[in-house]
Amino acid sequence: MCGVLRASDAGKKAVLMGWVNRRRDHGNLLFIDLRDRTGVTQIVFNTERDRTVHEKAETLRNEYVIAAVGTVKLRDANTINPNMPTGEVELVADELRVLNESKLPPFLPSDTALTNEETRLKYRYIDLRRDAMQFNIETRHKVAKAIRDYLSSQGFFEIETPFMTRSTPEGARDYLVPSRVQPGTFYALPQSPQMFKQILMISGFDRYFQIVRCFRDEDLRADRQPEFTQIDLEMTYPQPESVWAVVEGFLTAAFAAAGFEIETPFPRMDYDEAIRLYGIDKPDLRLPPFTDVRDCLSSENLSDLAINPNLPVIAIRIPKVGELSRKERDDIKPMFHSKGGARVYEDFKRIANRYAEAAEKISKKTNMAEGDLIVLVAGSAQASSGEKETAFAPHRKVTPQELAIYTSAGLLRLALAQKYAEQHQCFQKGDFRFLWVTNFPMFEWDEGEKQWMAAHHPFTSPHEQDMKLLEEGVESLHDPLSPLSAVRALAYDVVLNGTELGSGSIRIHRQDVQSRIFRALGMTEEEAKARFGFFLEALEYGTPPHGGIALGLDRIVMILAGAESLREVIPFPKTARAVDLMVDAPTPVSEKQLRELGIVVRKPVGQL
RNA sequence: GGGGACGUAGUUCAGUUGGUUAGAACGCUGCCCUGUCACGGCAGAGGCCGCGGGUUCGAGUCCCGUCGUCCCCGCCA
């Protein structure tokens with residue numbers, strides 16, 4: 001193939017097939033760079049050698065598909081190209097066959113400037129010919145294979161579960177598939193094979209995995225596609241630690257397959273600690289954590305700055321940003337999205353001028369060095385009255401008011417980190433900071449619904465020690481002070497450089513506990529039966545303790561490939577409006593198809 | 001659902017305060033060239049300035065709407 005010939009092949013006959021990557025015409029001497037998946041080799045056509053073949057070669061254009069037969073020749077010392085692996089040799093052509101011509105493509109795979117994404121996606125087959133895309137897709141293959149091999153070696157079976165399954169309208173929206181045989185009914189594409197894999201544990205398969213497509217009908221992001229691939233696994237009789245060991249094992253194999261060595265075991269951090277130190281449940285450990293500098297400010301300072309003294313005062317430190325201009329400092333403000341009365345103090349210099357003593361303490365406590373950027377985030381004194389926050393959720397370590405401050409600061413920290421990535425140099429390729437985030441809360445307060453909701457999913461087992469709180473809380477679903485707030489889940493996330501790679505838990509294996517959770521979530525027994533009856537029934541037939549996890553394959557490959565978007569590692573992705581620009585999907589369907597399915601499409605309002 | 005950025009030649013971009021015939025590079029076409037490798041030289045073709053409306057003597061430029069792509073918030077059990 002085009003990338004394999006070396007000096008040791010000199011003198012051999014060879015046939016190369018591929019695409020014309022570049023043509024350099026010197027009159028009687030013509031060079032063609034021929035490209036395939038493996039690389040590029042230079043082919044030489046010379047009138048001295050064969051006039052007719054050279055003549056034919058002159059008709060070649062970019063992206064023509066050709067076969068060239070010739071002799072591998074060692075290049076003269078002065079014509080060696082050290083920039084390419086095949087640069088010591090070239091193929092001297094004796095024969096040329098044009099296997100196919102090509103229209104002039106809208107862009108060339110060999111172009112140095114990257115074409116806009118719309119055009120790339122429309123002509124994805126051309127885009128995928130580019131080196132970078134070939135590399136990404138190859139990495140994806142290698143990673144998936146390494147994971148399959150590793151899990152197989154650990155006694156896991158890869159077992160398929162249905163794509164056409166039952167809608168369980170909770171959490172993300174389902175993609176629906178209408179049934180023709182049973183008009184008016186719908187299958188749903190799985191958001192995850194969650195219940196199937198648990199039933200496989202009940203079925204005696206002990207260790208299951210699947211590299212499986214999942215579907216969620218929600219708005220897209222750079223790291224979120226409506227269909228995505230998960231490394232899904234489940235095992236019986238696990239401690240969280242045994243699941244983590246499996247994950248660390250296959251990630252080590254996967255990263256090795258991509259040429260990176262990683263350290264295990266990964267560090268672990270409580271959810272509460274993650275919030276307090278990073279303001280987010282998926283901390284990026286490559287940058288310094290927050291410092292609470294409340295005690296560095298005197299009570300006069302606090303009231304002077306209109307800061308709520310009962311809430312943390314967060315110092316965000318971004319290293320090595322250097323002196324900021326007035327304009328750059330002003331630009332920080334719009335990057336701040338305030339939650340729950342949080343305020344930003346972006347001008348640390350001004351604080352230093354006015355409160356020298358406090359600033360001294362702050363820079364000491366944050367380990368501030370020359371050129372580091374310090375931004376403060378604190379609660380606004382006016383915004384909260386103070387009584388509510390002390391009364392709220394006595395069990396919880398982090399109150400909602402504190403959470404608002406931490407979260408606002410966490411978002412700002414990330415925005416600043418991204419903006420000043422050039423300066424702080426903390427985002428270097430190959431720096432992988434993994435983390436297990438553990439002890440998530442079992443329930444989250446939904447302000448809209450005024451009730452507690454499952455934070456992970458309703459099959460997650462609560463902590464053994466928190467069962468009592470759960471029992472006490474069952475009847476106080478709508479009370480923000482419910483003991484439910486303090487129930488911890490046996491759930492864990494694996495995080496890499498601020499990206500959530502995967503999420504898992506030890507599951508509930510007892511039917512009575514499962515029913516109690518459904519009840520705690522406000523589901524009546526009938527509702528639970530109607531939705532999950534088959535599952536509750538299965539739980540009653542000797543269900544072993546079990547647990548597992550699912551990791552996003554796309555995200556892993558994205559990070560390994562150093563890509564900014566999932567679209568770079570998915571061969572045929574969707575745009576932000578969930579459209580496939582190449583095949584132009586989705587589309588309306590014919591009246592006949594709809595009739596067969598018993599479906600009437602209502603025109604959107606204002607479009608008749 | 002909300003906020004922001006962008007849309008000019010096949011591609012990447014420039015286009016001044018609203019003022020003559022909208023430019024460059026790469027790519028493309030033709031000719032020349034025997035050691036290039038992002039080859040080089042000469043000549044040439046190529047534009048609904050996303051689309052629709054408005055302001056104006058005059059709009060790529062200002063205003064309104066609309067479509068598309070990207071990013072973020074909400075959402076993602």
Side-chain angles (χ1 to χ4, degrees), chain A residues 21-34 40-49 54 58 61-63 73 75-84 86-87 90 92 103-123 126 168-174 191-192 194-195 214-226 228 334-339 407-408 411 414-415 418 440 442-444 446-448 452-460 489 491 500 503 505 517-518 521 523 531-532 552 564-565 567 574-577 579 581:
Chain A
N21 197 50
R22 266 213 174 87
R23 186 179 64 135
R24 289 179 294 279
D25 189 349
H26 288 240
N28 288 319
L29 186 67
L30 176 66
F31 300 99
I32 293 289
D33 286 345
L34 199 66
V40 172
T41 298
Q42 173 167 285
I43 304 176
V44 190
F45 296 91
N46 196 328
T47 42
E48 268 174 25
R49 189 155 179 120
H54 176 272
E58 286 195 307
R61 294 295 181 268
N62 282 323
E63 298 308 301
K73 191 191 134 218
R75 296 199 198 180
D76 295 340
N78 58 326
T79 64
I80 285 175
N81 184 349
N83 300 321
M84 53 199 288
T86 62
E90 61 196 1
V92 181
K103 273 182 31 176
L104 177 66
F107 57 98
L108 292 172
S110 56
D111 279 349
T112 37
L114 198 54
T115 302
N116 81 73
E117 222 179 333
E118 217 174 327
T119 313
R120 287 177 57 205
L121 288 175
K122 180 156 185 219
Y123 298 92
I126 312 242
T168 50
E170 207 164 346
R173 276 181 277 261
D174 287 325
Q191 299 176 22
S192 100
Q194 184 60 35
M195 274 183 280
C214 299
F215 307 86
R216 290 179 192 174
D217 187 4
E218 294 295 341
D219 288 352
L220 290 84
R221 287 281 193 290
D223 62 352
R224 265 166 32 194
Q225 282 273 315
F228 57 101
M335 294 163 72
F336 181 70
H337 297 271
S338 173
K339 311 211 184 237
T407 310
S408 305
L411 288 173
L414 291 179
Q418 204 169 19
F440 277 79
M442 185 83 182
F443 301 96
E444 263 167 12
D446 186 324
E447 193 54 45
W452 292 92
M453 310 274 275
H456 190 61
H457 57 60
F459 312 111
T460 299
E500 179 197 317
S503 184
S505 66
I517 294 287
F518 283 145
L521 290 168
M523 243 183 267
R531 259 192 225 177
F532 305 111
E564 295 285 315
S565 155
R567 294 183 300 276
K574 311 266 189 291
T575 69
R577 276 177 62 255
V579 167
L581 290 174

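As a basis for the values below, the full set of heavy atoms in this structure was taken, side chains included, without hydrogen atoms, waters or symmetry mates. Letters A, B, ... are given to chains in the order of the sequence lines, protein chains preceding strands, and every chain is numbered from 1. Keep in mind it's a predicted model, so treat the numbers as computed, not measured.
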Original post:
Under 4.5 Å between any side-chain heavy atoms of A/Ile43 and A/Phe31, yes or no?
Top reply: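 When only atoms from C-beta onward are counted, A/Phe31 and A/Ile43 do not touch, as no gap falls below 4.5 Å.
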
Original post:
Would a 4.5 Å heavy-atom cut-off, applied to side chains only, mark A/Asp217 and A/Pro226 as touching?
Top reply: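 In short, these two side chains do not touch, never coming nearer than 4.5 Å.
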
Side chain [X] and base [N] donor-acceptor under 3.5 Å:
{"X": "A/Arg567", "N": "B/C70", "result": "no"}
{"X": "A/Arg22", "N": "B/C37", "result": "no"}
{"X": "A/Asp111", "N": "B/U11", "result": "no"}
{"X": "A/Arg61", "N": "B/U29", "result": "no"}

Which one is paired to [N], where only Watson-Crick or G-U wobble pairs with both distances under 3.5 angstrom count?
{"N": "B/U56", "result": "none"}
{"N": "B/U69", "result": "B/A5"}
{"N": "B/A24", "result": "B/U12"}
{"N": "B/G35", "result": "none"}
{"N": "B/G46", "result": "none"}

With [atom1] as the reference atom in both, quote the distance from [N] to [M] in angstrom, rounded to an integer.
{"N": "B/A14", "M": "B/C26", "atom1": "C1'", "result": "15 Å"}
{"N": "B/U8", "M": "B/A25", "atom1": "C1'", "result": "15 Å"}
{"N": "B/G18", "M": "B/C63", "atom1": "P", "result": "10 Å"}
{"N": "B/G53", "M": "B/U12", "atom1": "C1'", "result": "31 Å"}
{"N": "B/G58", "M": "B/U20", "atom1": "P", "result": "15 Å"}
{"N": "B/G60", "M": "B/U21", "atom1": "P", "result": "11 Å"}
{"N": "B/U61", "M": "B/A22", "atom1": "C1'", "result": "12 Å"}
{"N": "B/A43", "M": "B/U34", "atom1": "C1'", "result": "23 Å"}

Does [N] have its OP1 or OP2 closer than 4.0 Å to a side-chain nitrogen or oxygen of [X]?
{"X": "A/Asn28", "N": "B/U34", "answer": "yes"}
{"X": "A/Arg173", "N": "B/C75", "answer": "no"}
{"X": "A/Arg577", "N": "B/G68", "answer": "yes"}
{"X": "A/Arg49", "N": "B/U34", "answer": "no"}
{"X": "A/Arg221", "N": "B/C73", "answer": "yes"}
{"X": "A/Thr575", "N": "B/U69", "answer": "yes"}
{"X": "A/Asn62", "N": "B/C28", "answer": "yes"}
{"X": "A/Arg24", "N": "B/C39", "answer": "yes"}

Out of [options], whichever nucleotide has its closest atom nearest the side chain of [X]:
{"X": "A/Leu581", "options": "B/U36, B/U34, B/U69", "answer": "B/U69"}
{"X": "A/Glu117", "options": "B/C33, B/C70, B/C71", "answer": "B/C70"}
{"X": "A/Glu218", "options": "B/C75, B/A38, B/U34", "answer": "B/C75"}
{"X": "A/Leu104", "options": "B/U36, B/C28, B/U34", "answer": "B/C28"}
{"X": "A/Arg216", "options": "B/U36, B/G10, B/C76", "answer": "B/C76"}

Atom-to-atom span, [atom1] of [X] to [atom2] of [N] - whole angstrom:
{"X": "A/His54", "N": "B/C33", "atom1": "NE2", "atom2": "C1'", "answer": "11 Å"}
{"X": "A/Met453", "N": "B/G74", "atom1": "CE", "atom2": "P", "answer": "15 Å"}
{"X": "A/Gln42", "N": "B/G35", "atom1": "CD", "atom2": "P", "answer": "13 Å"}
{"X": "A/Asn116", "N": "B/G50", "atom1": "CG", "atom2": "P", "answer": "13 Å"}
{"X": "A/His26", "N": "B/C31", "atom1": "NE2", "atom2": "P", "answer": "17 Å"}
{"X": "A/Asn81", "N": "B/A38", "atom1": "CG", "atom2": "P", "answer": "6 Å"}
{"X": "A/Tyr123", "N": "B/U11", "atom1": "OH", "atom2": "P", "answer": "9 Å"}
{"X": "A/Ile43", "N": "B/G35", "atom1": "CD1", "atom2": "P", "answer": "20 Å"}

Original post:
What class does the angle between the rings of A/Phe518 and A/Phe459 fall in, given that below 30° is parallel, 30 to 60° is tilted and above 60° is perpendicular?
Top reply: perpendicular

Looking at every strand, decide which applies to [X] at a 4.0 Å heavy-atom threshold: base, sugar-phosphate, or nothing.
{"X": "A/Lys122", "result": "nothing"}
{"X": "A/Thr79", "result": "base"}
{"X": "A/Glu118", "result": "sugar-phosphate"}
{"X": "A/Leu30", "result": "nothing"}

Original post:
Is the shortest distance from a Lys or Arg side-chain nitrogen in A/Asp33 or A/Arg24 to a carboxylate oxygen in the other one below 4.0 Å?
Top reply: yes

Which heavy-atom pair separates [X] from [Y] by the least distance, and what is that distance?
{"X": "A/Met84", "Y": "A/Val40", "value": "CE-O, 3.4 Å"}
{"X": "A/His54", "Y": "A/Leu29", "value": "NE2-N, 3.9 Å"}
{"X": "A/Arg567", "Y": "A/Lys574", "value": "CD-O, 3.7 Å"}

**OP:** Determine, step by step, whether A/Glu218 and A/Arg224 satisfy the salt bridge (Lys or Arg N to Asp or Glu O under 4.0 Å) criterion, reporting the C-alpha distance in whole Å, the side-chain angles of both residues, the deciding distance to 0.1 Å, and the verdict.
**Re:** CA-CA 9 Å; A/Glu218 294 295 341; A/Arg224 265 166 32 194; over 6 Å; no

Original post:
Taking the nucleotide of RNA chain B with the closest heavy atom to each, which residue, A/Glu90 or A/Thr115, is nearer the 5' end?
Top reply: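 That would be A/Thr115.
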
Original post:
If you find the nucleotide of RNA chain B closest to A/Asp219 and the one closest to A/Ser192, which residue's nucleotide is nearer the 5' end?
Top reply: A/Asp219

**OP:** Please determine, by modelled atom types, if A/Asn116 and A/Thr119 share a side-chain donor-acceptor pair under 3.5 angstrom.
**Re:** yes

Subject >> Face-to-face stacking of A/Phe107 with B/U11, centres under 5.5 angstrom, angle under 30° >> reply: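 So no, this residue does not stack on that base, at least one cut-off failing.
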
